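These notes concern the structure reproduced below.
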Amino acid sequence: MTAFNWQSELARDGSRVFVAGLPVAMHCHHYNINLQKTLEDTLGDEGIQLLFHSAEEANRIGFTSFFNEYRQLKTNKSKLEMAAVIYQNSGFGIIHLQGVNRQGGTILSPSSHHVTGWLAKHGLRDTPGCHFTRGWIAGVLEAVFDKPAGHYTIEETHCKMMRDKECVFQVTGV
Ligand SMILES: [Zn+2]
């Protein structure tokens, strides 16, 4: 995508890393998956909600700021394409956002950091486990379509952590 120059926008200041002026945290799967496992084991549904809402809020605020700065990204389609590129460049995996619009839709992810990390550390699950990605999706869509936090419900109907072929997310607007 020509609208975004990674060489100038990905910056370091000492040990701090920035994308388009926004500081980002970098963690490997040991941290991310242990965080998820601890939250699920100790808090159950409340822990899952905490993961979801943290990712949603960080993304809603971050991408709103990003889109305000990058006015070249005019259409919702180009904003969704840019978000998918950033998801991939952040090391989260591959996500296909083109099946979604303001009302909702279906999002597919054939490859994911959290899936690979979970399977390596804990093996198959009985329940879908991509809570971070669900929150990430909700926050991005709220930024793209200018909606408040909590506007989108994201249900993961298939998950590679359960041996499904890909992770499938159903998006519903309030
Ligand atoms: Zn999944």
Side-chain angles (χ1 to χ4, degrees), residues 19 24-64 66 76-77 79-145 147-174:
V19 176
V24 294
M26 300 173 77
H27 294 297
C28 73
H29 70 290
H30 295 291
Y31 178 94
N32 291 332
I33 300 305
N34 277 339
L35 177 65
Q36 175 171 344
K37 181 98 168 75
T38 302
L39 285 169
E40 287 196 271
D41 285 355
T42 56
L43 296 175
D45 269 353
E46 197 182 328
I48 291 172
Q49 288 297 314
L50 191 58
L51 261 178
F52 175 90
H53 288 303
S54 302
E56 177 191 26
E57 191 66 357
N59 243 12
R60 189 178 63 80
I61 292 169
F63 272 96
T64 297
F66 181 82
N76 293 334
K77 183 171 179 282
K79 290 177 183 176
L80 290 170
E81 283 175 7
M82 189 68 220
V85 168
I86 289 179
Y87 188 85
Q88 185 170 4
N89 277 274
S90 300
F92 295 138
I94 308 286
I95 198 157
H96 299 301
L97 300 176
Q98 59 265 47
V100 73
N101 61 28
R102 183 178 298 278
Q103 282 78 41
T106 303
I107 290 172
L108 306 177
S109 172
S111 173
S112 152
H113 160 81
H114 283 83
V115 165
T116 305
W118 185 278
L119 292 176
K121 293 180 77 69
H122 303 298
L124 289 168
R125 291 171 60 106
D126 298 327
T127 55
C130 296
H131 314 312
F132 172 90
T133 300
R134 285 192 303 110
W136 189 95
I137 291 169
V140 159
L141 297 183
E142 285 153 9
V144 170
F145 297 116
K147 300 291 185 186
H151 182 82
Y152 289 104
T153 302
I154 320 291
E155 184 191 0
E156 189 176 17
T157 56
H158 297 80
C159 184
K160 289 182 79 173
M161 294 184 194
M162 302 165 62
R163 213 194 293 272
D164 287 325
K165 190 163 153 278
E166 47 190 9
C167 296
V168 180
F169 303 91
Q170 294 296 337
V171 179
T172 312
V174 176

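Ligands are counted one by one from 1 in listed order, and the atoms in each one are counted from 1 as well. Here the structure is a predicted model, which means the values were calculated and not measured.
- N32 pairs in a side-chain hydrogen bond (donor to acceptor under 3.5 Å, both in side chains) with only one of the listed residues (H113, H27, K121, K37), which is H113.
- Not a single donor-acceptor pair under 3.5 Å links the side chain of Y152 to the backbone N or O of G135.
- Considering only heavy atoms from C-beta on, I94 stays 4.5 Å or farther from E166 through its side chain.
- For the Zn ion (ligand 1), the N/O/S atoms of D164 include none lying under 2.8 Å.
- The angle that C130 SG and C159 SG make at the Zn ion (ligand 1), rounded to 10°, works out to 120°.
- W118 has its ring centre no less than 6.0 Å from the ring centre of H114.
- Looking only at its N/O/S atoms, E156 has OE2 as the one nearest to the Zn ion (ligand 1).
- Put simply, H158 stays out of reach of the Zn ion (ligand 1), with no N, O or S atom under 2.8 Å from it.
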